[in-house]
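Both counts, for ligands and for their atoms, begin at 1 and track the order of listing. Since this is a predicted model, take the numbers as computed values, not measurements.
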Amino acid sequence: MITRRALLGTSALPLLGCAPERKITGGFNGASPDRGHLLRQKPAATQDPEVRRCDVLIAGGGIAGLSAARVLRRAGVEDFALLELEDAAGGNSRAGRTGGLPCPLGAHYLPVPGEGAEEVRDLLEELGIARRAAGRWTYDERHLCHSPQDRLFINGQWQEGLLPMQVGASTLAQYTLFSRRVAQETKSARFPLPLRGGFAPSHRALDAVTFAAWLDREGLTDPHLRWYLDYCCRDDYGAGIAVVSAWAGVHYFASRHGFQAPGEEGERDAVLTWPEGNGWLANRLLQPLGERLHTGRVVLRITPLRQGVEVDAWDVAGNRMERWQAAQCIVALPLFVAERVMSTPPRALSEAVPQLRYSPWAVANVHIESPLQDRDGAPPAWDNVVYGGRGLGYVNAGHQNLNPLPEATVLTWYCALGDEPGGRARLLARPWESWRDEVLDALSVPHPDLRARTLRVDVARYGHAMATPTPGTRANEALAALRRPQTGLWRSTHFAHSDLSGYSVFEEAFTHGYRAGHAVLGALRVAGKRAS
Ligand SMILES: Cc1cc2nc3c(=O)[nH]c(=O)nc-3n(C[C@H](O)[C@H](O)[C@H](O)COP(=O)(O)OP(=O)(O)OC[C@H]3O[C@@H](n4cnc5c(N)ncnc54)[C@H](O)[C@@H]3O)c2cc1C
């Protein structure tokens with residue numbers, strides 16, 4: 001019988017060392033920097049804008065905005081509109097296509113929800129992925145990441161898993177020590193995901209220092225351990241251990257299944273993934289919205305009214321201004337954008353934004369015509385990481401494909417730039433060719449025939465991709481105030497964005513949207529606007 005493992009294995013392919021180089025096409029895709037810049041150079045309206053009215057206006061169509069829209073839709077609220085700057089909703093979780101094949105433009109996986117993530121689990125149940133049987137939640141195998149999940153290219157070969165394994169006794173001892181410290185911290189206070197409730201004294205101590213400083217203090221100095229922890233932080237938070245707080249570093253493990261040193265018993269984190277990444281989820285959230293979703297609308301100004309809000313948005317295709325008036329408004333925009341567009345920003349917003357540090361990211365989708373030559377060791381996995389690389393490795397969009405014949409696929413390469421001074425300016429200034437060469441050079445180390453098999457490279461750039469949890473972010477009172485109902489001028493406005501947690505993952509974005517959606521339902525009920 002042919003096993004899945006054997007089919008994905010590529011080491012039997014002939015060497016292509018002398019193949020002539022082909023022309024590789026591609027360009028930039030993803031979020032448009034020009035649209036974002038309209039916020040600074042506001043386009044002038046040539047005539048009075050048409051005024052449109054609705055009960056609820058949602059500004060921003062990322063996961064948080066789409067989650068809020070789901071709450072309204074399911075509660076029977078019909079009269080709402082969602083305004084999204086790009087031509088497609090989904091934000092950092094948008095799907096793309098390279099060479100005609102689906103691939104992620106940003107987010108690419110969702111861990112199976114833990115105990116505190118009921119809202120996310122409820123979504124997965126609605127989508128037919130999660131099912132409760134005999135008191136246990138099970139997940140549809142087709143959406144769970146197939147094995148092998150990940151591998152690491154180190155010392156000239158691939159190993160299974162991302163924690164370096166060919167290491168000496170002193171490194172193993174440090175793995176065990178770190179594992180114990182995570183377990184101790186988990187015992188002294190909970191690390192819920194998404195964030196909820198209290199902020200324990202032990203959290204405060206971790207939040208006060210960088211992860212690197214905390215590791216130093218704990219005597220955790222082993223280079224292999226530190227590389228791995230730095231990789232995890234760059235992957236989830238956009239910057240490494242020298243930038244993120246120790247609270248964030250510990251939370252990464254403590255909010256899931258801890259850190260397992262080799263030989264320790266423990267459950268592995270199962271993840272859900274799709275060829276188009278979390279775009280699969282975003283598309284399912286946006287499809288039912290129909291004409292209530294207005295893409296290509298740049299929200300330029302939000303002004304409070306005596307009753308409700310007024311929102312001016314630039315209609316990119318129509319080249320004209322629209323004016324919306326709504327009884328309730330959900331601001332599902334990154335907070336630095338919200339602060340720019342709100343006419344008199346709430347004090348907490350003005351205080352929170354300067355304290356946030358946004359990490360830029362680059363994401364390259366590499367279309368290859370057939371499987372790649374591979375180095376020795378562990379077989380191809382969904383997530384493939386090169387030890388010591390500047391990038392975070394690549395995921396294979398074809399990994400869940402059960403077709404037994406070798407075929408074209410897309411490899412999505414990630415690079416977080418939150419550690420690099422001037423990273424944002426360079427991200428935007430570098431020409432596409434320079435990114436193409438960096439990606440191909442990095443991945444040619446484990447795959448020498450990559451250039452010969454590559455047809456196209458598309459690069460998405462995110463100048464302000466995500467808030468990075470630096471020391472003090474968890475304790476940030478201004479963020480906490482924005483998570484609560486607003487009063488005074490802005491009492492009809494509710495914030496919803498992953499920025500409110502100080503770090504960005506699906507669970508946080510989705511739950512903020514859920515909370516804001518329910519706050520609006522409460523307000524509409526009080527105003528007698530809805531029956532259910
Ligand atoms: C490269 C990358 C990889 C990631 N990988 C993962 C992953 O694998 N798993 C995971 O859980 N998370 C991942 N994330 C985190 C991801 O950010 C969250 O999962 C989630 O998508 C954030 O949703 P959000 O709604 O909070 O924010 P956003 O995605 O920022 O949504 C905000 C929306 O507002 C719109 N907008 C902005 N300005 C305006 C305006 N003026 N008018 C109208 N609309 C506007 C934007 O276009 C966007 O659609 C990744 C992030 C990045 C950048």
(message) Checking a contact table here: which protein heavy atom is nearest atom 13 (C) of ligand 1, and how many Å away?
(response) A107 CB, 3.4 Å

(message) Taking only non-hydrogen atoms of A59, do any sit less than 4.0 angstrom from ligand 1?
(response) no

(message) What I want to find out is whether E50 reaches R320 closely enough, with some N-O distance under 4.0 Å, to be called a salt bridge.
(response) yes

(request) Give the residue and atom name of whichever protein heavy atom lies nearest to atom 25 (O) of ligand 1, and the separation in Å to one decimal. (result) A64 N, 2.9 Å

(request) Could you tell me the residue and atom name of the protein heavy atom closest to atom 47 (O) of ligand 1, and the distance to it rounded to 0.1 Å? (result) E84 OE2, 2.7 Å

(request) Kindly indicate whether the side chain of F211, heavy atoms from C-beta on, has any atom under 4.5 Å from the side chain of D230. (result) no

(request) Give, for atom OG1 of T98 and atom CD1 of I368, the distance between the pair rounded to the nearest 0.5 Å. (result) 12.5 Å

(message) Using a 6.0 Å cut-off, check whether atom CZ of R142 has over 12 heavy atoms from anything other than its own residue.
(response) no

(message) I need the nearest protein heavy-atom contact for atom 31 (O) of ligand 1: residue, atom name and distance, please.
(response) G62 CA, 3.3 Å

(message) Treating T454 as the side-chain partner and L450 as the backbone partner, does any N or O pair qualify as donor plus acceptor under 3.5 Å?
(response) yes

(request) Check ligand 1 against V337 and write out every atom of the ligand that is under 4.0 Å from a heavy-atom position of the residue. (result) 38 (N), 41 (N)

(request) Please test R340 against R40 for side-chain contact (heavy atoms from CB on, under 4.5 Å), starting from the C-alpha separation and ending with a verdict. (result) CA-CA 9 Å; R340 196 174 274 268; R40 265 186 253 145; 3.2 Å; yes

(message) Can you report which non-hydrogen protein atom sits closest to atom 17 (O) of ligand 1, along with the distance?
(response) S504 OG, 2.7 Å

(message) Can you tell me if V341 contacts ligand 1 (heavy atom of the residue under 4.0 Å from the ligand)?
(response) no

(request) Measure from NZ or CZ of R256 to the centre of the six-membered ring of Y252 and say whether it is under 6.0 Å with the direction within 45° of the ring axis. (result) yes

(message) Below the 3.5 angstrom mark, is there an N/O of G90, backbone or side chain, next to an N/O of ligand 1?
(response) no

(message) Taking 4.0 Å as the limit for heavy-atom contacts, which would you say applies to I63 with ligand 1: side chain only, backbone only, both, or neither?
(response) both

(message) Using a 4.0 Å heavy-atom cut-off, which part of A496 comes near ligand 1: side chain, backbone, both, or neither?
(response) neither

(request) Please write down residue, atom name and distance for the protein heavy atom closest to atom 37 (C) of ligand 1. (result) P334 CD, 3.9 Å

(message) If only side-chain N and O atoms count, and only distance matters, is there a donor-acceptor pair under 3.5 Å linking D499 with Y358?
(response) yes

(request) Take every heavy atom of R94, measure it against each atom of ligand 1, and state whether any distance is under 4.0 Å. (result) no

(request) Assess N278 for proximity to ligand 1: is some non-hydrogen atom of it under 4.0 Å away? (result) yes

(message) Are any of the N/O atoms on Y109, whether in the backbone or the side chain, positioned under 3.5 angstrom from an N/O atom of ligand 1?
(response) yes

(request) Output yes when the distance from some N or O of ligand 1 to some N or O of N92 is under 3.5 Å, and no in every other case. (result) yes

(message) Heavy atom to atom 24 (P) of ligand 1, shortest distance: which of E508, M466, H497 holds it?
(response) H497

(request) With heavy atoms of L39 as the reference, note each atom of ligand 1 found under 4.0 Å away. (result) 41 (N)

(message) Under a plain distance cut-off of 3.5 Å, with no hydrogens placed, do S498 and S501 share a side-chain donor-acceptor pair?
(response) no

(message) Would you call the rings of Y237 and Y503 parallel, tilted or perpendicular, taking 30° and 60° as the class edges?
(response) perpendicular

(request) Could you tell me how the ring of H143 sits relative to the ring of W274: parallel (under 30°), tilted (30 to 60°) or perpendicular (over 60°)? (result) tilted

(message) If the cut-off is 4.0 Å to any non-hydrogen atom of R297, which atoms of ligand 1 fall inside it?
(response) 42 (N), 43 (C)

(message) Is there a polar contact, in the sense of an N or O pair closer than 3.5 Å, between H108 and ligand 1?
(response) yes

(request) Check whether any side-chain N or O of R297 sits under 3.5 Å from a backbone N or O of T295 as a donor-acceptor pair, and report yes or no. (result) yes

(message) Under 3.5 Å between any N/O of V298 and any N/O of ligand 1: does that happen in this structure?
(response) no

(message) Taking 4.0 angstrom as the limit and counting only heavy atoms of G60, give me the atoms of ligand 1 inside it, by number and element.
(response) 34 (O), 44 (N)

(message) Does the plane of the ring in H146 sit parallel, tilted or perpendicular to the ring in H399? Use 30° and 60° as the thresholds.
(response) tilted

(message) Can you report which non-hydrogen protein atom sits closest to atom 11 (O) of ligand 1, along with the distance?
(response) F506 N, 2.8 Å

(message) Under a 4.0 angstrom heavy-atom cut-off, which atoms of ligand 1 come close to G91?
(response) 29 (O), 48 (C), 49 (O)

(request) Taking only heavy atoms of S93 into account, list the atoms of ligand 1 that are under 4.0 Å away from them. (result) 19 (O), 20 (C), 21 (O)

(request) Classify the side-chain pair T412/N365 by whether it contains a donor and acceptor separated by less than 3.5 Å. (result) yes

(request) Measure the distance from atom 53 (C) of ligand 1 to every protein heavy atom, then report the residue, atom name and distance (to 0.1 Å) of the closest one. (result) A465 CB, 3.5 Å

(message) Any nitrogen or oxygen of L105 lying under 3.5 Å from a nitrogen or oxygen in ligand 1? Just yes or no.
(response) no

(message) Quick check on ring pair (Phe, Tyr, Trp, His ring centres under 6.0 Å): which of Y228, F153, W227 does Y387 satisfy it with?
(response) W227

(request) Please could you name the atoms of ligand 1 that W361 approaches to less than 4.0 Å, counting only its heavy atoms? (result) 1 (C)

